[in-house]
Amino acid sequence: MRTSLQQRFRAWIAAPAYPWVTGGALTIGAVTELIAFPGSVTTTVGVLVSSVLLMWRRSFPPIAMLTVAAGLLGFAGDVNLYVSIMASGLIGCYTLGRNRVLHPAVTVAGGALGALCVNLVHINTWSRMDLPVPALWEKGSLSLFAESFLLTVVIFGAVMMGDAVRSREETRNERNLVHAQLIAMERQQAAEAERAAIARELHDIVSHSVSMIAVQAESATYTTPGLTPEARDGFQQIAGTARSSMAELRRLLGVLRTSQGDTALTAPQPTLDHLAELVDQHRAVGGAADLLVTGERVPLPAAWELSAYRITQEALTNARKHAPGARTVVEIDYGADRLLTLRIHDDGPGPGSAGTGHGLTGMRERAALVGGRLSAGAGPDGGFLVKAELPWGAR
């Protein structure tokens, strides 16, 4: 029962309408709260903006930075903390950590700086309200910054919670991938065991019987008296057919007894024809992906086929690692000007930690190896885009 409720809850959170429903509900709550407890213009704008922007937090996670900034601005405009500001700020910080828009340390540092600015504005407000506010250099003045300390702790907790969820999902996806590979290995081993059993049966039964037929037909031509020339030729044909069958059986036994390890060195390199399988593997570990092919399929040189396959493979790996749950579109264009164009685009948070590392360097080297070029960065509609252009002949 508990597992079923958890699955339903996760499915509801993963639904496309979830950010719109929660953002809309929070906006309605914010409006209700402002009507009941009117604030300044700054507070009103901050409360409404921080709530409304949450509707787009999944399609464009960096917008959560504006949500948190608007919430802090609204809190700075009034010494009273609205519940809607607190809720939208927590969700915004969680979104920043969940999608790793920035490094968690940078996000927390920025939030702490914003909290300090809000605290300083409040200290100035308390002074104008004739409240007993000690000077910053007097004893007990550190207590004035309890507000910024508390806000920093809350921001830290929300960001770390989002980052922990992201890390757990990445671990789960990697575990699913390893599990799928283990199952494939077990199936391969079971198939090899079955092939070995078939080889033994063929050798012990069929091969023995066929060899006996060849021997008996060969000897019958010498041991059977009174054979006509036609009958002698018939026995010889039977013996020849049996020997030919034996040769075929030996070749078949050689294939059945060859293990995967023996054929690994002679296995063909992956080509563009294997991209559908690559996309299916991406879907099997929780990723959403589509494959779009334009132009007429043209057999390319082996180096071009392998480079294009490896670039797509690395781009999908990066999408799983840096944009978990994002939809990825793999586009292949066999251009009429003998130019192969690859576009791997996801709708994730966009450039971040995905823009560094050895993966992109390796992809650029593969493209340069065949005289092409590769670019990677923010897509025109957000997300992350890897584009490779591989010329494969005279243009």
Side-chain angles (χ1 to χ4, degrees), residues 5-30 33 46-75 81-116 118 147-173 286 320-326 346-354 382-383:
L5 291 176
Q6 289 179 345
Q7 291 176 347
R8 292 181 180 179
F9 181 71
R10 290 175 180 173
W12 178 62
I13 291 178
Y18 172 75
W20 295 95
V21 173
T22 54
L26 190 58
T27 302
I28 294 173
E33 192 174 15
V47 170
L48 293 178
V49 170
S50 63
S51 301
V52 172
L53 291 181
L54 288 177
M55 298 181 188
W56 290 272
R57 67 184 186 274
R58 177 171 294 174
S59 58
F60 187 63
I63 205 170
M65 290 189 290
L66 295 179
T67 296
V68 177
L72 292 174
L73 180 63
F75 185 33
L81 178 60
Y82 285 75
V83 175
S84 54
I85 285 182
M86 181 173 60
S88 61
L90 287 173
I91 296 175
C93 290
Y94 173 85
T95 301
L96 293 175
R98 173 67 178 79
N99 295 276
R100 210 179 182 100
V101 176
L102 298 173
H103 192 279
V106 177
T107 303
V108 173
L113 181 60
L116 179 61
V118 171
E147 182 182 76
S148 59
F149 175 77
L150 181 59
L151 285 176
T152 301
V153 170
V154 172
I155 292 172
F156 175 82
V159 172
M160 289 300 104
M161 181 180 294
D163 190 66
V165 172
R166 181 195 61 82
S167 299
R168 185 176 62 182
E169 184 171 342
E170 285 186 358
T171 302
R172 183 169 60 248
N173 290 337
R320 288 196 300 271
K321 181 178 180 181
H322 301 290
D346 65 67
D347 58 0
S353 57

Between atom [atom1] of [X] and atom [atom2] of [Y], what is the distance when rounded to the nearest 0.5 Å?
X	Y	atom1	atom2	answer
Ser148	Leu116	OG	CG	5.5 Å
Asp346	His322	CG	NE2	10.5 Å
Phe75	Met86	CZ	CE	10.5 Å
Arg172	Glu170	CZ	CD	11.0 Å
Leu81	Leu151	CG	CG	7.5 Å
Leu150	Ile155	CG	CD1	10.0 Å

Neighbour count >12 (heavy atoms, 6.0 Å) for atom CE, Met55: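 Yes, the 6.0 Å shell around CE holds more than 12 heavy atoms from other groups.
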Just wondering, are more than 12 heavy atoms of other shown residues or ligands nearer than 6.0 Å to OH in Tyr94?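 More than 12 heavy atoms, drawn from other residues, nucleotides or ligands, come within 6.0 Å of this atom.
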Locate the shortest heavy-atom distance separating [X] from [Y]; write the atom from each residue and the value.
X	Y	result
Ala115	Leu72	N-CD1, 4.3 Å
Gly92	Leu54	N-CD2, 4.2 Å
Pro19	Thr22	O-OG1, 3.3 Å
Ser88	Ser50	OG-OG, 3.2 Å
Ala323	Gly348	CB-CA, 3.9 Å
Leu96	Pro61	CD2-O, 4.2 Å

Between the main-chain N or O of Thr95 and the side-chain N or O of Asn99, is there a donor-acceptor pair closer than 3.5 Å?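 The answer is yes, because a donor-acceptor pair under 3.5 Å joins these two groups.
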Any side-chain to backbone donor/acceptor pair from Glu33 onto Ser84? Under 3.5 Å, distance only.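 Checking the backbone N and O of Ser84 against the side chain of Glu33, a donor-acceptor pair under 3.5 Å is found.
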Please lay out, stage by stage, how Ile91 and Arg57 fare under the test side-chain contact (heavy atoms from CB on, under 4.5 Å). CA-CA 9 Å; Ile91 296 175; Arg57 67 184 186 274; 3.7 Å; yes
From CA spacing to verdict: side-chain contact (heavy atoms from CB on, under 4.5 Å), Arg320, Asn173: CA-CA 8 Å; Arg320 288 196 300 271; Asn173 290 337; 5.8 Å; no
With the side chain counted from C-beta on, respond yes when Cys93 and Val68 share a heavy-atom pair under 4.5 Å apart, and no when they do not. yes
Answer whether the closest heavy-atom distance between the side chains of Leu90 and Val154 falls below 4.5 Å. yes
